[in-house]
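Counting from 1, the numbers follow the sequence of the chain as shown.
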Amino acid sequence: MTRQFDKKHAETVVATAAIAVNRFVCRAGTHAPAAPANGNQDSIGISEEAGAIGEAIPAVTRYSYLVEASAAITKGAYLKPAADGSGKAAVGAIGDHCAVAMTAASAAGQLVEAQIVKHVHA
């Protein structure tokens, strides 16, 4: 299967910890933590490249990009950063999400096309 995405905008993030490619990231320069523990460090987008501490990497912030799944995900599911702080996509809920799965993943480690949407935290 060909991987697809529709990148509209990106923001530069300077890594303050190692960042893996295809992960939710925050402005603090780390993988995005899960809410509510994230304080003001919501996901701003999905890392387009991996980066070591001090490196500047692009984070896709608008429309869609590929994100690594933390578990099986169905097409149309709400997505949020995984609770383990890895920045991988976990299944969210109507009251807690930052993206919507446009494709499915049958297991952890697979890439899902995620439509990046306005964050909701109930």
Side-chain angles (χ1 to χ4, degrees):
M1 177 172 112
T2 302
R3 298 293 178 193
Q4 62 185 28
F5 61 90
D6 187 6
K7 173 183 160 182
K8 295 273 186 186
H9 298 283
E11 183 173 315
T12 301
V13 174
V14 177
T16 58
I19 294 176
V21 66
N22 301 111
R23 304 286 178 94
F24 288 117
V25 294
C26 65
R27 282 192 177 88
T30 64
H31 293 134
N38 66 2
N40 65 353
Q41 296 304 326
D42 259 341
S43 170
I44 60 164
I46 301 168
S47 57
E48 191 172 9
E49 300 173 6
I53 294 173
E55 290 184 328
I57 63 162
V60 178
T61 59
R62 183 116 183 264
Y63 200 67
S64 75
Y65 202 69
L66 300 173
V67 65
E68 186 177 340
S70 66
I73 294 173
T74 58
K75 182 178 178 179
Y78 289 109
L79 301 176
K80 65 180 182 177
D84 65 3
S86 66
K88 293 179 182 179
V91 174
I94 196 165
D96 185 16
H97 65 276
C98 61
V100 176
M102 298 174 70
T103 58
S106 59
Q110 294 180 347
L111 295 177
V112 174
E113 183 180 5
Q115 181 178 6
I116 301 163
V117 298
K118 181 179 177 185
H119 295 203
V120 174
H121 302 301

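Judged by distance alone, with hydrogens and angles left aside, the side-chain atoms of Thr61 form no donor-acceptor pair with the main-chain N or O of Gly45 at under 3.5 Å. Using a distance-only test at 3.5 Å, with no hydrogens or angles considered, a donor-acceptor pair links the side chain of Asn22 to the main chain of Leu66. Without hydrogens or angle criteria, Thr30 side chain to Ala17 main chain gives no donor-acceptor distance under 3.5 Å.
Residues Ala56 and Thr12 come closest through the heavy atom pair CB-CG2, 3.7 Å. When all heavy atoms of Pro81 and Ser43 are compared, the closest pair comes out as CG-CB, 4.3 Å. The heavy-atom pair separating Val13 from Ala59 by the smallest distance is CG2-CB, 4.0 Å. Heavy-atom minimum distance, Val67 versus Ala114: CG1-CB, 3.8 Å. For Ile44 against Arg27, the heavy-atom pair with the smallest separation is CG2-NH1, 3.3 Å. The nearest pair of heavy atoms linking Val117 to His97 is CG2-CD2, 3.7 Å.
Side-chain contact between Lys88 and Arg23 is present, with at least one heavy-atom pair separated by less than 4.5 Å. Tyr78 has its side chain out of reach of Val91: every pair of non-hydrogen atoms, C-beta onward, lies at least 4.5 Å apart.
For the atom pair NZ of Lys75 and CD of Glu113, the computed distance is 9.5 Å after rounding to the nearest 0.5 Å. Residue Lys118 holds its NZ atom at 14.0 Å from SG of Cys98, rounded to the nearest 0.5 Å. Considering CZ of Phe24 and CD1 of Ile46, their distance stands at 5.0 Å, rounded to 0.5 Å. Within the model, atoms OG of Ser47 and CD of Glu68 stand 9.5 Å from one another, a figure rounded to the nearest 0.5 Å. Going from atom CG of Asp96 over to atom CG of Leu79 covers 11.0 Å, rounded to the nearest 0.5 Å. Distance check, rounded to the nearest 0.5 Å: OG of Ser64 to CD of Gln115 gives 7.0 Å.
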